Amino acid sequence: MALFKSLETWTFRRYAFFITWFILHVVLFIFGVLRVKLDKNLYNLNIPLNYSLWIARGGGICLIWDCSIILLPVCRNILRILRVSFLNRLIPIDENIWFHKITAYSILVCTTIHATGHYVNFYKMDRLYRQNPNGEFKLTAAELLYKSPAGITGHIMLLCMVLMYTTAKQTQRNKSFESFWYTHHLAFVFLGALMFHGIGCIVKDADGVCRGYLSYRYIAIGYCLYILERFIRVWRTRQDTRLVKAIQHPAGVIELQIQKPSFKYKPGQYMFVNVPDVSKYQWHPFTITSSPFEDFVSVHIRQVGDWTRALGTRMGVEKEERGGSGRGANQPASGPKLNNKGRQEKKTELVDDRGEEIRVSSAFSMPDIKIDGPFGAPTEDVFDHEIVVLVGSGIGVTPFASILRDIWYRANNNMPLKTKRIEFYWVCRDLASLKWFQSLLATIEPSMSHVKLNIQIYCTGVMKPDQHHNIALHLHDDFGGGDTITGLRALTNFGRPNFGAIFSELRQGITNGTYMPGANQRLLVDVAVFFCGPGAMAKSLRKESRLQSKGGVQFSFRKEHF
């Protein structure tokens, strides 16, 4: 299973949670077995069926527990409330999708145990019926499997599981997200069938009294929570929302700037986006890239899948030469200009000229757009730490764009800010990707007044010969002492960063007092490492954070999850 392919990526809390989860299921299984085995009134079933009945009932009670909470990890508004509570220290709430997968795999295992036990039960009951038609058992195996409520609902659930699990594989999701999205809603058919699974009451005592689980009571709790969640989302998405600007960046990235007066968020959070013209029912999560102090909320979307490519087509994206005729190349497609009434007046504005961006064509109408959120993420805790390391890979830089914008506004408006040092590492595959936030970084880099920002950019891809030639040609141009490629003070590095050496140097600087002169070394200095990007790089960062946590310096690693 992909979930267990690399246990090295698991954190201590993941291990602790999984062990607790496993022990809980063992206890529930044993409870289910003993509840039937020790029931003297079920001697009519315990004697002829014995082990197969006990195993089926033990797996069934575990299945009820899993199905009653399977919807909880996708109730994001409830998780948003729990995230700011003490439970976030005990349960990996930010890893709700991982928890959802753990529960789904548990359902698969428990269903296999439960179904296997009952298939054996039906075989035994069929044999006993044929031996004595007037005995305890009145149905054949075929009638039990395909005519009884338990058999019919059971096979409906198995069919739903086959469709959901096969389309939920990451490879299949990459090929066709729509297949995953629509078949995954069969979960409601599955849970509905489970609620009526026991109405036929196969398990009866000697007096004919049903000894079922009454599972619908427990599953209804999860249903009610999810319905409440959907009501909140529907109400929130009906608020006035307008797409006011759309910009195409290099490397197939589209920026959407959205106006929604009722939308309040923190830097680092994410939201779901729906464009009815592309797909009426699909909602996709994207990290917010704007600052709460700006008059809009923005997201950057890379065109890599069916939905994102369809969005690019709907936006009428086309490359446009700088200085072309008609609408200027530096003018983005935009809707009506909105006023700024009711918002806090700022002393300065963050100028982002986006001079190298490719703009979208003006010959199209702005599509309707709906947004849902915001939802909590690990990166929103940045401002709780004095020393922060931000690591973004490719489009994974998006949550840090919002954070850097917000820090810039706070620092230049004399607002209180606990964060004193920021180490920002951006790892890109090609030079074109560097243009996504080049002008933003160029504006922020020299103007931080109370926060020391150190920018390090790494390009991991192989440059083309014409790129080498272009760099050499402009090597002696006047960039004000900045980098030839980006124009930033920070030089562009080629290759992958060695975070072991980077963290070691940072730790030594903290311990000998050169990193933050004038600051007293506390018993333990916490360096918060925030990462957004692929799992392989997260694995390396987590490992180095663990290895370099010594000598009074603790590197605490946090990864962005969707």
Side-chain angles (χ1 to χ4, degrees), residues 266-268 291 293 350 377-393 396-427 437 440-458 482-483 486 488-493 497-533 541-542 544-560:
K266 296 180 181 179
S291 166
F293 293 99
L350 179 58
T379 46
E380 72 177 76
D381 300 330
V382 163
F383 300 114
D384 297 334
H385 306 274
E386 290 186 353
I387 304 175
V388 174
V389 178
L390 308 177
V391 183
S393 177
V397 74
T398 49
F400 308 130
S402 176
I403 291 170
L404 292 177
R405 288 174 184 267
D406 193 69
I407 290 177
W408 188 92
Y409 276 114
R410 289 172 180 266
N412 286 275
N413 286 276
N414 296 319
M415 300 177 67
L417 189 63
K418 182 177 180 179
T419 306
K420 304 301 180 185
R421 293 289 299 261
I422 300 176
E423 303 292 330
F424 176 58
Y425 294 87
W426 186 8
V427 184
F437 298 105
L440 171 65
L441 296 177
T443 304
I444 291 177
E445 187 181 36
S447 56
M448 287 289 196
S449 56
H450 303 296
V451 181
K452 185 173 178 58
L453 172 65
N454 178 32
I455 299 175
Q456 295 289 333
I457 297 177
Y458 288 81
D483 183 63
T486 63
L488 301 175
R489 294 178 182 177
L491 300 179
T492 300
N493 303 282
N498 183 351
F499 284 106
I502 292 171
F503 287 175
S504 177
E505 183 179 354
L506 178 59
R507 175 174 50 81
Q508 293 175 8
I510 293 174
T511 54
N512 60 30
T514 59
Y515 184 72
M516 293 183 68
N520 295 323
Q521 167 92 32
R522 293 189 295 272
L523 182 62
L524 180 65
V525 176
D526 179 49
V527 179
V529 181
F530 296 89
F531 173 72
C532 184
L541 270 171
R542 182 181 286 110
E544 294 300 338
S545 298
R546 184 175 64 252
L547 293 176
Q548 297 299 328
S549 294
K550 54 187 176 181
V553 178
Q554 173 71 36
F555 290 88
S556 54
F557 179 80
R558 298 167 178 84
K559 182 182 183 299
E560 190 82 6

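Side chains are part of it too, since the values below use all heavy atoms of this structure and drop only hydrogens, waters and symmetry mates. Predicted model only: the values in this text are computed from it and were never measured. This chain uses plain numbering: 1 for the first residue, then up along the sequence.
By the salt bridge (charged side-chain N to carboxylate O under 4.0 Å, His left out) test, Glu423 is found to be paired with Arg421, residues two or more places apart in sequence or in another chain being considered. Residues passing the side chain to side chain contact (heavy atoms under 4.5 Å, CB included) test with Gln554, sequence neighbours excluded: Leu524, Asp526, Ser549. Taking the side chain to side chain contact (heavy atoms under 4.5 Å, CB included) definition, one finds that Ser545 meets it with Phe503, Val529, Phe555, Phe557, sequence neighbours left out.
Annotation for Phe400 and Val391: closest pair CE1-O, 3.1 Å, computed over non-hydrogen atoms. Summarising the geometry of Arg558 relative to Ala528, their closest heavy-atom pair is NH1-CB, 3.6 Å, with the distance given to 0.1 Å. The two residues Pro267 and Ser402 have their closest heavy-atom pair at CA-OG, 3.4 Å.
With a 4.5 Å cut-off on side-chain heavy atoms, Leu506 and Val389 count as touching. Looking only at side-chain heavy atoms (C-beta outward), Leu541 and Glu544 stay at 4.5 Å or farther from each other. Using a 4.5 Å heavy-atom threshold, the side chains of Ile403 and Val388 count as separate. Under the 4.5 Å side-chain criterion, counting only non-hydrogen atoms from C-beta, Phe499 is in contact with Tyr425.
In this structure, CG in Leu390 is found 10.5 Å from CD1 in Ile455, a value given to the nearest 0.5 Å. Summarising the geometry, atom CD belonging to Gln548 is positioned 11.0 Å from atom CD belonging to Glu505; distances are rounded to the nearest 0.5 Å. Note: Gln456 CD to Phe424 CZ = 11.0 Å, rounded to the nearest 0.5 Å. Atoms OG and NZ, from Ser504 and Lys550 in turn, are 7.0 Å apart once rounded to the nearest 0.5 Å.
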